[in-house]
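Because the structure is a prediction, the values reported are computed rather than measured. Residue numbering restarts at 1 for every chain, and letters A, B, ... go by the order of the sequence lines.
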Amino acid sequence: MAITIATWNINSVRLRIGIVEQFLAAESPDVLCLQEIKTIDDSFPRKALIEAGYPHLAIAGQKGYHGVAIASKLPFKTVEKDDWVAMGDARHLRVRFEDGLLLDNFYIPAGGDEPDPVANPKFDHKLKFLREMVAWGERRRASEKRAIVVGDFNVAPLEHDVWSHKKLLDVVSHTPIETNLLGEVQAAHDWVDAVRHFVPPSEKLYSWWSYRAADWNAADKGRRLDHIWVTPDLAGGLVSTRTLREARGWEKPSDHVPVMLTLEV
DNA sequence: ATGGTAGTCGCACTA
């Protein structure tokens with residue numbers, strides 16, 4: 001069976017439920033993983049998603065900040081959320097589907113402006129979060145052979161995941177300490193970068209453009225912060241990926257666009 | 001080198 005999974009940092013799901021519905025109607029993924037829903041669970045727009053054909057909802061919300069959710073056509077067998085770095089932040093959800101397939105949805109901390117863990121506690125938090133993910137991968141690697149991890153990782157790991165490798169080497173999201181650490185996370189579970197499986201690393205590819213640019217499209221100073229990784233056992237079933245650049249130009253857009261993967265499971 | 005925009009039960013914080 002082929003399934004399609006989408007991941008999208010929506011930057012307030014209540015404000016943007018209209019473009020979520022538009023996206024689901026147009027693309028009809030089986031599963032949508034959202035980050036930065038910016039709402040408590042009770043205010044999550046459940047009805048809109050159920051009516052759009054996504055009756056299975058897992059929500060990890062918090063007031064004002066962060067928050068992740070998974071909306072699915074397929075039922076879940078289990079739902080879990082981990083408290084990473086013991087911060088109490090809503091940055092993670094895990095669901096297992098009925099066939100055993102495992103899906104983790106992450107919103108990794110952005111890390112603030114200064115790439116110094118001593119001067120900047122938010123950067124320290126981000127590094128600790130990534131280190132916990134390394135240990136998590138090592139723990140599960142032997143037992144979880146059919147797993148997918150998606151989300152806003154807030155790291156653009158490759159040279160062509162940013163508009164200028166040289167200019168961004170000291171900019172949080174592309175510093176060597178972060179890209180090396182994300183490499184350790186990837187190696188810890190042998191994750192395959194499903195998007196770069198199809199788009200060669202020599203080709204520029206972005207999933208985020210700052211709101212602060214006067215003309216995001218013309219300047220095109222993007223970064224690839226949103227990712228979909230699969231275990232080696234699933235990599236043989238990879239069918240296609242899409243990164244919906246046009247969504248950045250929609251009415252009242254998120255600063256991130258949806259990233260999608262279709263695979264045989 | 002700076003400041004630019006967006007969202008959230010605001011008067012600050014996160015991104």
Requested in this report: Run the salt-bridge test on A:E36 and A:R16 with the 4.0 Å N-O cut-off and return the result as yes or no.
Outcome: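 Looking at A:R16 together with A:E36, the answer is no, because their closest N to O distance does not fall below 4.0 Å.
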
Query raised in the report: Using 4.0 Å as the upper bound for N to carboxylate O, is an ion pair formed by A:R146 and A:D99?
Result: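 A:R146 and A:D99: salt-bridged.
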
Query raised in the report: Can you give one letter per nucleotide of nucleotides 3-11 of chain B, going 5' to 3': B for a protein heavy atom under 4.0 Å from the base, S for sugar-phosphate only, - for none?
Result: -BBSSSS--

Where [X] and [Y] come nearest, the two heavy atoms and their spacing:
X      : Y      : result
A:A188 : A:R141 : O-CD, 3.3 Å
A:I10  : A:I37  : CG2-CA, 4.2 Å
A:A147 : A:L234 : O-CD1, 3.5 Å

Report the distance from atom [atom1] of [X] to atom [atom2] of [N], rounded to the nearest whole Å.
X      : N      : atom1 : atom2 : answer
A:D113 : B:dA1  : CG    : P     : 15 Å
A:Q35  : B:dT14 : CD    : C1'   : 16 Å
A:L225 : B:dA15 : CG    : C1'   : 11 Å
A:H256 : B:dA15 : NE2   : C1'   : 8 Å
A:H125 : B:dT14 : NE2   : P     : 11 Å
A:D89  : B:dT14 : CG    : C1'   : 11 Å

Report task. Determine the interatomic distance between P on B:dT2 and the same-named atom on B:dA6; round to the nearest Å. Result ->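 23 Å, rounded to whole Å.
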
Requested in this report: Between B:dT5 and B:dC9, how far apart are the P atoms? Round to whole Å, please.
Outcome: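 To the nearest whole Å, 22 Å.
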
Please list every donor-acceptor pair under 3.5 Å in which a side-chain atom of residues 178-186 of chain A meets a protein atom from a residue at least two apart or in another chain.
{"unit_1": "A:E178", "atom_1": "OE1", "unit_2": "A:K126", "atom_2": "NZ", "d": "2.6"}
{"unit_1": "A:E178", "atom_1": "OE1", "unit_2": "A:S173", "atom_2": "N", "d": "2.9"}
{"unit_1": "A:E178", "atom_1": "OE2", "unit_2": "A:S173", "atom_2": "N", "d": "3.0"}
{"unit_1": "A:E178", "atom_1": "OE2", "unit_2": "A:T175", "atom_2": "OG1", "d": "2.6"}
{"unit_1": "A:T179", "atom_1": "OG1", "unit_2": "A:T175", "atom_2": "O", "d": "3.3"}
{"unit_1": "A:T179", "atom_1": "OG1", "unit_2": "A:P176", "atom_2": "O", "d": "3.3"}
{"unit_1": "A:N180", "atom_1": "ND2", "unit_2": "A:P176", "atom_2": "O", "d": "3.0"}
{"unit_1": "A:Q186", "atom_1": "NE2", "unit_2": "A:W191", "atom_2": "O", "d": "3.1"}

Report task. Under the salt bridge (charged side-chain N to carboxylate O under 4.0 Å, His left out) rule, what do A:R248 and A:D220 come out as? Steps first, then yes or no, please. Result -> CA-CA 11 Å; A:R248 186 63 179 77; A:D220 201 20; over 6 Å; no

Query raised in the report: Among A:W209, A:Y211, A:W250, whose ring pair (Phe, Tyr, Trp, His ring centres under 6.0 Å) with A:W216 holds?
Result: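 Passing option: A:W209.
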
**Report entry** Sidechain-backbone polar pair: A:H189 side chain, A:E144 backbone, donor-acceptor under 3.5 Å
**Finding:**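 Present.
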
Requested in this report: Within residues 172-185 of chain A, find the residues that approach DNA chain B with a heavy atom at under 4.0 Å, and present them sorted by residue number.
Outcome: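 Nucleic-acid contacts, sorted: none.
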
Report task. Scan A:R91 against the nucleic acid and name what it touches under 4.0 Å (heavy atoms): base, sugar-phosphate only, or nothing. Result ->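 Result for A:R91 = sugar-phosphate.
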
